[in-house]
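Below is one structure, written out as structure tokens; comments come after it.
In the text below, chain A, chain B and the rest are named by the order of the sequence lines, each starting its count at 1. Values below: all heavy atoms of this structure, side chains included; hydrogens, waters and symmetry mates excluded.
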2 protein chains.
Amino acid sequence: MQRITINPNQPVTDTLQLTCEQAHYLQRVLRLKPGDVFIAQDGQGQQWQAQLTAAGLAKILSPLHTLSPPAKLVLVAALPKTGFDDVVRQATELGVTHIQPLLSERTLLKPSPKKLERWRRIAREASEQCERVYVPEIAPPVEFTQWMRDGVTNTGNYLCVPRVNALGLLPCVQTLLADSPQQSVQVAIGPEGGWTPEEITVAIAQGYQETSLGSGILRATTAALTALAIISSVREQLS
Amino acid sequence: MQRITINPNQPVTDTLQLTCEQAHYLQRVLRLKPGDVFIAQDGQGQQWQAQLTAAGLAKILSPLHTLSPPAKLVLVAALPKTGFDDVVRQATELGVTHIQPLLSERTLLKPSPKKLERWRRIAREASEQCERVYVPEIAPPVEFTQWMRDGVTNTGNYLCVPRVNALGLLPCVQTLLADSPQQSVQVAIGPEGGWTPEEITVAIAQGYQETSLGSGILRATTAALTALAIISSVREQLS
């Protein structure tokens, strides 16, 4: 069934007051007519069956089963010059829960604040299309050094590096998740020019493990999706 | 070092006669000047160090180590409505060796012959950029029924299907490749609307195994890359 993500703070009683943008999306993009039923979700696990009434209003028919939050899967991505829109969309399909855009030494893009709104919209729409009840959180871009100081967790932090004799991400994640498949995983992908040697040193000192995505050379956007595909598959296999 | 793929039948003696397109690419796109050194590859494992001389000519300096062919990895992809250019490029990065575009029941795109030339050019350029010495072969699109009659091999054929209780592609490929990591693998991805029930029945009868890429819904283009990322990672892990 077609679905729309409302704002988490938008009140849901026996009716739902749609924003102009939501009403437009339901009527013009999804082509629903008064009387048609759809799913409204807050992007954080709650969802309702709703019926479109007059312009701008929806009647709540029933709350749906609330899903428990998915295991944490964090993509820390140095912003590529182009293609980040696709990364956000495909990462959402692959079950990412948090995206942290990073400004690293060799990052060429300094995004405008409008970009963040755009990425959040893409994540919402991709979640609706692939029926993910939890919309990934996309944080504002931060500097590499700040993330390494504040963002790293105790275990399960992987820094993807090209072509060194690092262990493969696949066996590393299989070992990590073997005992607790739901444990949080964080994976960091460099920009086109790669991480600087200093960045790699800092990341390792902060608890990141260097891992390899294989002997081939991957573009930054392909690397992000490859890493997420591997982690999601291992989690599915072990859950 | 920058590289260019020549035609497999283009004669290489002590000089290499460049085509106009190749000369243009070296001089205008890669911005090489007379005297600059580059790598010429035939896309089938042979490569040479060469030096750009006057317009349209290259001096062969030395043959480089010929690499043995990579293990066969075949992507059989029902053509999506949009996005196949990106699939070709990213599949090349991920080490695909053969791409078979498929016209299935629900395929909406009937590509012009020009498309095939375009995909082959994208595969050549992606191979050069990610330094893959073997350029993937892209076959002309065929009908689903023809491929199922002629294209299936003895083992290692996986049909990706959404959301059934099929085994995951990851454990299936790990079992297949455990004893012989170099064995050929073929993976088939449906179009936007999925395979029809009849197509699934035919594929299974011809030796395909149904596998799942996880509980989420993936767009056709994301599914292709996810499958290839999984297979390549398992092969790297076991090789």
Side-chain angles (χ1 to χ4, degrees), chain A residues 3 67 70 73 82-83 86-87 89-96 125-134 160 162-163 166-175 177 192 211-239, chain B residues 3 67 70 73 82-83 86-87 89-96 125-134 160 162-163 166-175 177 192 211-239:
Chain A
R3 53 180 69 219
L67 296 177
L73 173 51
T82 59
D86 285 336
V87 169
R89 187 176 48 71
Q90 294 187 291
T92 302
E93 293 176 52
L94 288 166
V96 80
E125 290 174 2
S127 299
E128 291 159 8
Q129 277 160 27
C130 65
E131 300 178 17
R132 292 211 176 262
V133 178
Y134 282 83
C160 294
R163 280 200 189 213
L167 283 170
L169 179 64
L170 175 60
C172 287
V173 172
Q174 278 179 321
T175 305
L177 299 184
E192 280 89 350
T211 53
S212 158
L213 293 174
S215 57
I217 297 175
L218 301 179
R219 291 180 5 141
T221 50
T222 309
L225 302 173
T226 301
L228 295 176
I230 290 170
I231 299 165
S232 291
S233 298
V234 172
R235 188 119 66 192
E236 292 264 355
Q237 179 183 25
L238 297 172
S239 291
Chain B
R3 53 180 70 219
L67 297 178
L73 174 51
T82 59
D86 285 336
V87 169
R89 186 175 50 69
Q90 293 187 292
T92 303
E93 293 176 53
L94 287 167
V96 80
E125 289 174 1
S127 299
E128 291 159 8
Q129 277 160 26
C130 65
E131 300 179 17
R132 291 211 177 262
V133 178
Y134 282 83
C160 293
R163 281 203 190 212
L167 283 171
L169 180 64
L170 174 60
C172 287
V173 172
Q174 279 180 321
T175 305
L177 298 185
E192 280 89 350
T211 53
S212 157
L213 293 174
S215 57
I217 296 175
L218 301 179
R219 290 178 9 138
T221 50
T222 309
L225 301 173
T226 301
L228 294 176
I230 291 170
I231 299 165
S232 291
S233 298
V234 172
R235 188 116 69 190
E236 293 262 355
Q237 179 183 25
L238 297 171
S239 291

Under the salt bridge (charged side-chain N to carboxylate O under 4.0 Å, His left out) definition, can you give me all pairs with a residue in residues 211-224 of chain A, not counting sequence neighbours?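 Listed once each, the pairs are A/R219-B/E93.
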
Can you pull out every salt bridge (charged side-chain N to carboxylate O under 4.0 Å, His left out) where at least one residue sits in residues 221-233 of chain A? Sequence neighbours excluded, please.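 Listed once each, the pairs would be none.
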
Answer yes or no: is there a side-chain heavy-atom contact under 4.5 Å between [X] and [Y]?
{"X": "A/L218", "Y": "A/T226", "result": "yes"}
{"X": "B/I231", "Y": "B/L169", "result": "yes"}
{"X": "A/V133", "Y": "A/R3", "result": "yes"}
{"X": "A/D86", "Y": "A/L225", "result": "no"}

Heavy-atom distance under 4.5 Å to chain A: side chain of B/I230, backbone, both or neither?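 Just its side chain gets close to chain A.
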
How about residues 232-239 of chain A versus chain B: which residues have heavy atoms under 4.5 Å apart?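 Within residues 232-239 of chain A, the residues under 4.5 Å from chain B are A/S233, A/V234, A/E236, A/Q237.
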
Partner chain A: residue of B/A227, B/G95, B/P171 with the largest heavy-atom pair count (under 4.5 Å):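 Sorted descending by pairs with chain A, the first entry is B/P171.
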
Restricting to side chain to side chain donor-acceptor pair (under 3.5 Å), what partner residues turn up for A/E131, sequence neighbours left out?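 If we apply the side chain to side chain donor-acceptor pair (under 3.5 Å) test to A/E131, skipping adjacent residues, the hits are B/R163.
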
